[in-house]
Amino acid sequence: MQTDIHVRTIAILAVDGENYEVDGYYQGKQRKAKWYNVFKSSNRDVHADHLDVFPSHADIRKLLN
């Protein structure tokens with residue numbers, strides 16, 4: 001049996017003058033996201049996908065370097 005994955009935008013974080021959108025991917029009726037993706041808000045470039053934990057500002061800075 002396969003359960004649908006639902007996507008929700010959880011946060012928009014401002015890091016070093018740019019905004020990054022964090023989307024959570026939820027399976028079924030779970031309250032905790034299975035994984036997180038980080039997109040640059042201005043152009044939807046993917047900066048990280050399938051992160052196991054919600055990224056902090058410092059985590060996003062590390063992804064950029």
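Along the sequence shown, residues carry numbers from 1.
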Asker: Got a second to check how far Lys40's NZ is from Leu63's CG, nearest 0.5 Å?
Answerer: 13.0 Å
Asker: Which heavy atom of Ala33 sits nearest to which heavy atom of Gly24, and what is that distance?
Answerer: CB-CA, 4.1 Å
Asker: Taking only residues at least two apart or on different chains, which pairs with a member in residues 28-37 satisfy salt bridge (charged side-chain N to carboxylate O under 4.0 Å, His left out)?
Answerer: none
Asker: Val46: which other cluster members, linking ILVMFWY side chains closer than 4.5 Å, directly or transitively?
Answerer: Ile5, Val7, Tyr25, Trp35, Phe39
Asker: Identify the two heavy atoms, one from Pro55 and one from Ile60, that lie closest to each other, and give their separation to 0.1 Å.
Answerer: CB-CG1, 4.2 Å
Asker: Would you please name every residue forming a side-chain contact (heavy atoms from CB on, under 4.5 Å) with Ala11, sequence neighbours left out?
Answerer: Leu13, Phe54
Asker: For Ile12 and Ser41, which heavy atoms make the closest approach, and how far apart are they?
Answerer: CG2-OG, 4.1 Å
Asker: Using the side chain to side chain donor-acceptor pair (under 3.5 Å) rule, collect all pairs that involve residues 46-57, keeping only residues at least two apart or in two chains.
Answerer: Ser56-Asp59
Asker: What residues form a side chain to side chain donor-acceptor pair (under 3.5 Å) with Tyr26, not counting sequence neighbours?
Answerer: Arg8
Asker: Taking atom CG of Asp23 and atom CG of Leu51, what is their separation to the nearest 0.5 Å?
Answerer: 11.5 Å
Asker: Does Arg44 have any side chain to side chain donor-acceptor pair (under 3.5 Å) partners at least two apart in sequence or in another chain, and if so, which?
Answerer: Glu21
Asker: Applying side-chain contact (heavy atoms from CB on, under 4.5 Å), can you list everything that pairs with Asp16, at least two apart in sequence or on another chain?
Answerer: Arg61
